[in-house]
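These numbers come from a predicted model, not from an experiment. Both ligands and their constituent atoms are indexed starting at 1 by order of listing.
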Amino acid sequence: MKEIRMVDLATQYQHIKEEIDTAIQEVIESTAFINGPAVKRFKENLQKHLNVKHVIPCANGTDALQLAMMALDLQPGDEVITATFTYVATAEVIALLKLTPILVDVEEDSFLIDPEKIEKAITPRTKAIVPVHLFGQCADMERIMDIARRHNLSVIEDTAQAINADYTFSDGRVMKAGTIGHIGCTSFFPSKNLGCYGDGGAMFTNDDALAEKLRMIANHGQSVQYYHDIIGVNSRLDTIQAAILDVKLRRLDDYTRARQKAAAYYDRAFADHPLIKTPFRVANSTHVFHQYTLTLHPKVDRDALKKYLAEHQIPAMIYYPVPLHQQKAYRSDRYKDGDFPVAERLCKSVISLPMHTELTTEQQDHIITHIFNFLKQYNP
Ligand SMILES: *Cc1c(COP(=O)(O)O)cnc(C)c1O
């Protein structure tokens, strides 16, 4: 059996090696390393795939979030609401721009930001909401967009983990994750569902004026070279990375199905186990399984399980061990321990299993068997 990895980019590459190598070689020979034709090609293909008017490539997912907040003209002291159970990037850029991160709890089943908690956290200083489509399915965008409309707020979707997920509105309309809010932000970090071989990111919007502003901010605040109308940054997607992404975008639907198939296989195996809760599926979104995350019964020693799996050459990860409100850098007088009981509980009980496009049932059987073996000690 092949070595089990959390994400197996090596095997994936072997399957697409010829196309990838040719694409990279073309860029090198053209020497169009910055804003070469592959960037435009990939951008246009992604626009088509997501059915969104504008894709603005940038250097990474964290930049995408920062540029989005800059384009929305958020001012120091403005409050931005996001979930406390997530990756740090969202709160990081809010804080860097001297905005105030307002953290709220997530829903127990879905791990996603709780719209009711959003509504309660709104004050006259609130300017934006950043729902994170954690682990691969969309937050409750219909309700979030409704809250935003009623309170005149902007919505920035963090789609770094959910590219290609479909969200269905109650009227039957289907939209891709990241194309529903005012701006969607994604990352092409190698391990993401659409990942390059280095850093990369993009912003999505259907708003022409916002798109123009995002493009300017990503390019030193200029639309005409050497005429700087607003303060910007330098944030570009490398041509080589765009060429790689264009090859992988053609397979994104297949890759998504491979992840969903692997998830269904895990689901069946764990379905009736009293100590394991398999990932919940929300009603309005497909799940693209950036992560396959189990919730363990509180009596299970999760860290011992992780160690046991590692001893059997099975990697597993804790996403995330500490909620943002308990992180040293983001501690605030606003919050105390116990304020977000769901997130605090999840941080102690979740474990993510290997999940990628190349996972075999033989590997999954091996993982499943060892989890069952470890859990036997808890049976009376
Ligand atoms: C990966 C990730 C990011 C940041 O992306 P980078 O490209 O690493 O900067 C932001 N938000 C979430 C939820 C992520 O998973």
Side-chain angles (χ1 to χ4, degrees), residues 6-7 9 42 46 55-70 80-97 101 103-104 106 110-113 128-139 141 144 155-165 177-178 180-181 183-204 214 218 233-238 240-242 244-245 248 259 279 285 287-293 317-324 327 329-330 343 346-347 350 352 355-356:
M6 279 306 282
V7 179
L9 294 172
F42 167 65
L46 188 57
V55 166
I56 300 99
C58 66
N60 58 66
T62 309
D63 269 12
L65 290 163
Q66 179 180 331
L67 300 188
M69 288 177 206
M70 289 171 75
V80 180
I81 298 174
T82 194
T84 188
F85 183 62
T86 184
Y87 184 60
V88 69
T90 325
E92 187 175 71
V93 301
I94 296 171
L96 275 174
L97 293 173
L103 302 172
V104 300
V106 293
S110 68
F111 313 136
L112 298 165
I113 194 164
I129 308 168
V130 187
V132 181
H133 302 323
L134 202 71
F135 301 154
Q137 57 186 348
C138 293
M141 287 308 292
I144 292 170
V155 175
I156 302 169
E157 296 177 72
D158 183 340
T159 319
Q161 302 189 0
I163 197 155
N164 213 30
I180 303 163
I183 303 174
C185 297
T186 206
S187 163
F188 303 125
F189 186 84
S191 63
K192 306 286 185 189
N193 289 29
L194 179 60
C196 56
Y197 293 173
D199 274 308
M203 298 154 288
F204 316 139
L214 288 167
V233 300
N234 172 22
S235 189
R236 296 184 284 243
L237 179 66
D238 282 353
I240 287 181
Q241 301 304 343
I244 292 164
L245 286 165
K248 291 180 73 169
R259 286 171 179 274
S285 172
H287 200 322
V288 298
F289 288 99
H290 177 60
Q291 300 297 344
Y292 184 88
T293 304
M317 294 290 282
I318 309 304
Y319 301 119
Y320 294 93
V322 183
L324 293 182
Q327 296 281 0
Y330 297 94
L346 290 174
C347 286
V350 290
S352 297
M355 169 51 72
H356 53 77

| Proximity winner for atom 5 (O) of ligand 1, if only heavy atoms of Ala64, Ser187, Cys196 are counted | Ser187

| message | Among all protein heavy atoms in this structure, tell me which lies nearest to atom 3 (C) of ligand 1, with the distance rounded to 0.1 Å. | response | Tyr87 CD2, 3.7 Å

| request: Please could you name the atoms of ligand 1 that Asn60 approaches to less than 4.0 Å, counting only its heavy atoms? | output: 7 (O), 9 (O)

| said: Once rounded to the nearest 0.5 Å, what's the spacing between atom CG of Asn60 and atom CG of Leu65? | reply: 9.0 Å

| said: Restricting to ring-ring contact (aromatic ring centres under 6.0 Å, His included), what partner residues turn up for Phe42, sequence neighbours left out? | reply: Phe188

| request: Please work out whether any backbone atom (N, CA, C, O) or any side-chain heavy atom from C-beta onward of Lys192 is under 4.0 Å from ligand 1, and answer side chain, backbone, both or neither. | output: side chain

| request: Taking only heavy atoms of Asp158 into account, list the atoms of ligand 1 that are under 4.0 Å away from them. | output: 10 (C), 11 (N), 12 (C), 13 (C)

| request: Could you pull out all residues at least two apart from Ala160 that satisfy side chain to side chain contact (heavy atoms under 4.5 Å, CB included)? | output: Asp158, Ser187, Lys192

| query | Can you tell me how far NE2 of His133 sits from CD of Glu157, rounded to the nearest 0.5 angstrom? | reply | 3.5 Å

| note | In short, Thr62 meets Glu92 closest at the heavy-atom pair CG2-OE1, 3.6 Å

| query | For ligand 1, is there an N or O atom under 3.5 Å from any N or O atom of Tyr320? | reply | no

| remark: Interatomic distance, CD@Gln291 vs OG@Ser191, rounded to 0.5 Å, equals 7.5 Å

| message | Starting from atom 9 (O) of ligand 1, what is the nearest protein heavy atom, named by residue and atom, and what distance separates them? | response | Thr62 OG1, 2.5 Å

| task | Ignoring angles and geometry beyond distance, decide whether Gln161 reaches within less than 3.5 Å of ligand 1 through its nitrogen or oxygen atoms. | result | yes

| Plane angle bin for Tyr320 and Tyr87 - parallel if under 30°, tilted between 30 and 60°, otherwise perpendicular | tilted

| note | For Gly61, the ligand 1 atoms with a heavy-atom partner under 4.0 Å come out as 5 (O), 6 (P), 7 (O), 9 (O)

| field | Shortest reach to atom 8 (O) of ligand 1 by a heavy atom, considering only Phe188, Tyr319, Phe189 | value | Phe189

| task | Go through ligand 1 atom by atom and flag the ones less than 4.0 Å from a non-hydrogen atom of Val132. | result | 13 (C)

| task | Supply the atom-to-atom distance Leu324 CG to Thr84 OG1, rounded to the nearest 0.5 angstrom. | result | 5.0 Å

